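In what follows, a structure is listed as structure tokens, so that the remarks can point back to it.
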There are 2 protein chains.
Amino acid sequence: LTKRIHSGQSAHQLLVGGTAQRFDPGPPPDDGGEPRLDVWGFKDSRFVINPANNVVLEGSRYPLSGKELPAFLPWVRSTFQADINAQDTHPSQYPTNIPPSRASEDLLQALRGIVGEHLTVEPEQRLRRGHGQTQAEMYAIKYGRLERVPDVVVFPGCEEEVVALVKLAEACSLRLQPYGGGTSVNEALLCPADEARPIVAVDLARMNHIRWIDPINHMACIQAGAIGRHVAAQLDQHGFTLGHEPDSIEFSTVGGWIATHASGMKKNRYGNIEDIVLDMRVVTPMGILSHSTPLPRESLGGDVRTWLLGSEGTCGIITEAIIKIFPAPESQVYGSILFPDLSRGLAFMYELSQSAHIPASARMVDNLQLQINFAIKPKANRWGALKSALEKKFVTRIKGFSTDKMVACTLVFEGKRAEVKAQEKHVNSLAKRHGGMSGGASNGRRGYMLTYGIAYIRDWILNHWLIAESFETSVAWTDTLALIDRVRKRVADEHAARKLPGRPFVTARVTQIYATGVCVYFYFAMYYKGVANPSAVYHEIENAARDEILKAGGSLSHHHGVGRLRGEFLPRTMSEAALHWRAGARAALDPRGTIGGQTSAS
Amino acid sequence: LTKRIHSGQSAHQLLVGGTAQRFDPGPPPDDGGEPRLDVWGFKDSRFVINPANNVVLEGSRYPLSGKELPAFLPWVRSTFQADINAQDTHPSQYPTNIPPSRASEDLLQALRGIVGEHLTVEPEQRLRRGHGQTQAEMYAIKYGRLERVPDVVVFPGCEEEVVALVKLAEACSLRLQPYGGGTSVNEALLCPADEARPIVAVDLARMNHIRWIDPINHMACIQAGAIGRHVAAQLDQHGFTLGHEPDSIEFSTVGGWIATHASGMKKNRYGNIEDIVLDMRVVTPMGILSHSTPLPRESLGGDVRTWLLGSEGTCGIITEAIIKIFPAPESQVYGSILFPDLSRGLAFMYELSQSAHIPASARMVDNLQLQINFAIKPKANRWGALKSALEKKFVTRIKGFSTDKMVACTLVFEGKRAEVKAQEKHVNSLAKRHGGMSGGASNGRRGYMLTYGIAYIRDWILNHWLIAESFETSVAWTDTLALIDRVRKRVADEHAARKLPGRPFVTARVTQIYATGVCVYFYFAMYYKGVANPSAVYHEIENAARDEILKAGGSLSHHHGVGRLRGEFLPRTMSEAALHWRAGARAALDPRGTIGGQTSAS
């Protein structure tokens with residue numbers, strides 16, 4: 001069928017047929033991927049320092065898995081000016097003292113009446129539903145304590161059970177906390193210490209089916225708990241692509257993407273989540289938000305669907321969504337381009353953003369991030385090492401690039417063969433005009449894939465006295481360079497003012513381009529041995545960086561969302577009336593704050 | 001500057017410069033276009049039957065202006081089976097009995113304290129602000145009566161005056177009704193007969209400036225009262241295009257587009273209004289909804305900006321918006337393709353929608369609308385007539401097309417030359433596969449331009465006993481043909497059941513394509529001589545058609561909006577909880593219904 005449609009030979013018959021040929025693709029695949037509870041990632045993959053004193057990613061899941069990374073530790077030591085080694089660790093105390101469940105036997109009975117045995121009060125399971133992936137949360141579960149976590153985790157199997165849970169919560173004054181992949185980075189999952197109501201985490205893991213695929217109208221109806229990598233794999237089996245590829249796609253869910261107002265790496269081709277979601281169903285204390293038919297576009301005057309994008313776990317529990325799906329691309333090509341410095345690279349990105357040939361993904365890493373790319377390169381074989389040395393010589397001697405200034409753009413082209421070819425041609429000629437030179441497809445692919453590794457590295461190095469976090473913003477083109485410079489300087493100043501050990505590490509990546517501006521993604525990392533309350537110190541510096549971002553014309557968030565983490569900054573972004581409206585609109589759906597409480601200041 | 005930017009030569013310097021080079025393009029152009037109060041259009045243009053008994057569009061504004069259309073009346077007569085002629089008219093009684101102003105001298109004084117002498121109580125001016133362009137409204141101002149119209153029209157000159165007006169309205173219990181171009185087709189401008197408060201129309205005509213153009217970040221800040229054609233002309237002067245081209249662009253305003261959730265003819269290239277608007281300022285009873293900086297994209301968790309799209313004149317008065325602007329296209333090409341029947345044409349459109357080469361505009365008219373295109377063709381000169389006859393012979397004899405089945409697709413290509421060429425090539429090869437043949441660029445252009453003529457014709461033929469209206473929907477691809485058939489049949493049945501004179505006229509056009517479905521735009525017209533309350537009868541039949549649309553899987557509205565006209569159908573589209581939320585969200589901004597009352601049922 002898919003082939004028939006894609007060839008277009010029988011579009012006529014299909015349309016005259018008149019009936020949507022929806023089908024159920026069956027349950028999600030079992031790929032054996034089990035997430036860890038204490039750190040980011042799958043159980044079978046983690047970074048370690050091996051007996052030869054080299055960093056290795058254990059397991060076999062990723063291209064990098066099992067390969068020694070001899071350049072990594074030396075680079076870390078010199079970058080942070082700190083002696084990171086296998087002997088000197090800050091061992092994780094996970095799971096630290098987990099608050100006991102406050103769920104009464106009566107409550108558990110009532111919940112069992114709804115979800116049967118699909119619930120747990122097991123401490124580590126409750127803990128996991130009470131946090132996301134910020135540095136503060138990860139530090140707390142290893143070395144500190146979460147004051148309040150869910151008292152019980154329930155796993156509803158269908159929308160009816162979600163409705164019953166919401167009714168119970170309203171009747172018995174519970175707080176429900178929807179949980180998808182747990183990849184939140186805005187502290188929306190944190191439970192306030194003073195929440196007196198029992199907290200029930202509603203984990204949507206069992207509601208993880210693609211209910212139907214409509215291959216003609218290019219839509220799929222997917223339950224909110226479906227995990228990105230599973231959805232992508234199932235669509236792929238039927239000749240479609242999901243298109244939406246957030247960095248968290250291995251673990252994050254359809255419902256989570258909507259609640260977070262997510263953005264995917266291939267946005268240029270497939271759009272952000274708001275461009276992809278056609279419809280959704282949401283269970284609220286006022287009833288089910290729903291709509292008659294999934295349609296391409298409507299003007300309905302106050303459409304709750306658009307507003308629920310970014311609801312951040314409040315107001316209602318998203319149970320399913322209808323999204324656009326896309327024909328699997330005929331061709332997929334990676335690429336990378338080196339530029340002599342960030343401003344040249346950015347000028348290239350600017351022109352690319354105005355063109356008709358924008359690759360699915362185009363990201364620009366600054367010099368420090370480019371150094372990471374080199375630092376985590378596996379040990380090359382002899383020929384590889386020679387080639388690499390020659391290339392480096394060419395770049396630095398012949399082209400005159402400076403290794404501590406050059407930057408790189410990683411590219412993913414997707415589409416019809418001719419389309420990809422035209423994009424590649426355009427990109428190459430544009431790059432040349434801006435002093436760029438090809439860095440090769442394999443470097444492009446590694447750069448793209450590195451995205452999946454960063455969170456592993458972040459959680460691992462915490463045990464080696466390095467605390468790190470990412471934060472992002474969006475900004476107009478003409479403010480981009482200045483914003484990056486200001487944030488770098490501000491963080492360095494804040495770091496120096498506190499007389500912290502080692503050297504601070506701040507690096508920026510332009511991860512999305514729009515005709516009007518970009519998304520800038522920062523990493524800040526610091527050595528914390530001997531620092532009291534390093535997580536709190538980090539938070540202060542991150543807040544200072546956020547302050548600087550706002551002063552430099554950046555947004556509060558491009559796609560991470562506001563949550564609890566950035567709520568205090570909202571009044572600097574939205575006018576008082578806008579915040580007033582936001583609170584009122586939420587109250588109209590959930591007057592008691594039953595669902596998720598109130599995440600962000602309002 | 002513009003040239004520099006477009007050439008991209010100095011993108012580097014521009015970005016390193018760091019400052020947005022915003023400029024004020026000055027006041028809107030004076031193009032002498034003055035709208036009529038009693039019917040659609042400019043004062044200098046109207047259709048008449050000339051002494052030779054041919055239809056002519058008077059004036060010189062349009063390509064069609066001044067040319068005799070000899071085929072038009074004969075076609076109308078045969079199509080409606082009704083004797084339309086110059087002698088048999090239903091003369092307009094405009095302005096019918098206009099309700100007197102209820103504005104007290106105290107109120108006028110208070111208003112003068114805000115807007116100075118920029119106000120009027122002149123009856124025809126008040127009448128005009130109390131209606132849009134539906135058949136019911138146009139019939140009422142000619143032959144019936146509007147029970148309630150604004151009591152005074154004010155013309156604020158700046159946002160501060162709008163704020164003062166809203167404060168006054170809250171303090172003195174007034175109802176404010178924002179007014180842009182008056183092109184609404186959902187009765188959002190109608191004043192309920194039982195509105196006891198004084199009604200103040202807030203006409204934004206003086207707030208019509210492009211405040212700035214940012215040529216690097218591709219944004220413009222435009223006051224809400226700026227008229228589409230002026231904005232387009234001003235942007236064009238500086239090398240940019242607006243991209244957003246609703247059928248009403250000659251009269252409708254930036255604020256109106258946002259409030260209506262508008263869609264433009266070149267959506268495929270430039271997006272719908274929600275894709276174009278980056279930010280807005282809205283004055284509400286709770287204060288000004290605003291936001292710190294215009295940014296490419298944000299995740300703010302409950303962003304009022306997205307929700308105000310489609311506010312339909314309620315909740316607040318939009319004062320300005322920041323929109324994306326686009327480089328003026330290097331190339332613009334029109335095209336048209338004939339297909340043997342609608343299903344073949346639609347299959348072509350389906351495949352086009354899935355491709356990487358979609359023209360800025362692609363619209364498919366059914367056979368009846370194609371007939372209109374031919375019927376309003378000006379009298380050809382001798383060579384033109386010969387050519388036309390030969391072409392017709394070729395189409396019907398050689399290609400075997402049936403003149404009462406064939407349909408046409410009109411196309412507008414815009415972009416870089418190479419891009420347009422690639423699109424044309426793709427379209428032509430696709431068309432061939434679906435049995436299409438080129439209808440030529442000039443027919444394409446005429447088809448596109450006809451859009452601007454339809455409303456003139458609609459209002460003019462009302463005087464000749466023909467009442468007509470358009471209504472639209474969006475629908476998934478596989479339901480499209482069935483929906484069109486069902487609506488045609490339902491209207492014919494309803495017409496027959498009422499034993500109405502003449503033959504009903506129902507025609508459909510696919511005006512927008514999405515990967516998931518289309519927008520279908522219907523015209524229904526009927527002969528009403530001897531019919532009591534023809535406007536009410538028409539409304540009944542339109543409602544029946546709407547019922548059929550919903551049953552066939554169509555939406556309540558693709559881009560006309562809901563307003564008062566379609567409010568009764570909302571519960572069939574949105575769940576009870578969604579409607580409840582909508583009312584609550586509105587109440588959070590405007591608890592007293594000061595701005596626009598409540599337009600649609602909730």
Side-chain angles (χ1 to χ4, degrees), chain A residues 8 11-12 15-16 18 20 216-219 261 284 286-290 292-293 295-299 301-302 304 306-307 310 312 324 343 346-347 350-351 356 415-416 419 474 476-478 482 514-517 553 555 557 559 561-562 573 575-578 580-582 584-585 588-589 600, chain B residues 8 11-12 15-16 18 20 216-219 261 284 286-290 292-293 295-302 304 306-307 310 312 343 346-347 350-351 356 415-416 419 474 476-478 482 514-517 553 555 557 559 561-562 573 575-578 580-582 584-585 588-589 600:
Chain A
H12 176 74
L15 296 183
V16 174
I216 320 293
N217 296 306
H218 288 195
M219 302 177 191
H261 200 204
T284 79
M286 293 295 153
I288 298 177
L289 299 178
S290 71
S292 56
T293 323
L295 293 160
R297 196 257 187 188
E298 289 171 280
S299 177
V304 74
T306 59
W307 195 75
E312 302 187 343
K324 294 184 207 167
S343 73
L346 212 60
Y350 174 70
E351 278 208 69
K416 297 268 182 200
E419 205 180 349
S474 49
W477 278 107
T478 54
Y514 299 84
T516 51
S555 71
S557 170
H559 64 279
V562 177
T573 289
S575 67
E576 208 178 318
H580 171 89
W581 175 80
R582 194 164 165 277
L589 275 178
S600 45
Chain B
H12 177 75
L15 295 183
V16 174
I216 320 291
N217 295 307
H218 289 196
M219 303 178 190
H261 201 202
T284 78
M286 293 295 153
I288 298 177
L289 299 177
S290 72
S292 56
T293 324
L295 295 160
R297 196 257 187 187
E298 288 171 280
S299 177
L300 289 180
V304 73
T306 59
W307 195 75
E312 300 187 346
S343 74
L346 212 60
Y350 174 71
E351 278 209 70
K416 297 269 181 198
E419 205 181 350
S474 50
W477 278 108
T478 54
Y514 299 83
T516 51
S555 71
S557 170
H559 64 280
V562 177
T573 289
S575 67
E576 209 178 317
H580 170 90
W581 176 79
R582 195 164 165 276
L589 276 178
S600 46

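All of these numbers come straight from a predicted model, not from anything done at the bench. Every chain is numbered from 1 and lettered A, B, ... according to where its sequence line falls, protein lines coming before strand lines.
The candidate from B:G287, B:S555, B:G415 with the greatest count of non-hydrogen atom pairs under 4.5 Å with chain A is B:S555. Chain B forms the most heavy-atom pairs under 4.5 Å with one residue out of A:R297, A:M219, A:E298, A:M286, and that residue is A:R297. Ranked by heavy-atom pairs under 4.5 Å with chain B, the first of A:A515, A:A476, A:A356 is A:A476. With chain B as partner, the option from A:G584, A:A577, A:A588, A:P296 having the largest number of non-hydrogen pairs under 4.5 angstrom is A:P296. With respect to chain B, the highest number of heavy-atom pairs below 4.5 Å among A:G517, A:G561, A:S474 belongs to A:S474. Note on A:T284, A:L295, A:T293, A:L289: by heavy-atom pairs under 4.5 Å with chain B, the leading option is A:L295. In terms of heavy-atom pairs under 4.5 Å with chain B, the best-connected choice from A:A578, A:S575, A:G310 is A:S575.
Contacts of A:E419 with chain B are made by side-chain atoms alone, with heavy-atom separations under 4.5 Å and no backbone atom involved. In this structure, the portion of A:I288 lying under 4.5 Å from any heavy atom of chain B is its backbone and not its side chain. Residue A:S292 touches chain B through both its backbone and its side chain, counting heavy-atom pairs closer than 4.5 Å.
Of all heavy-atom pairs spanning B:L300 and A:R582, the tightest one is O-NH2, 3.7 Å. Nearest heavy atom pair, residue B:W477 against residue B:Y514, reads NE1-O, 2.8 Å. Heavy atoms only, all atoms of each residue included: B:W581 and A:L589 are closest at CD1-CG, 2.9 Å.
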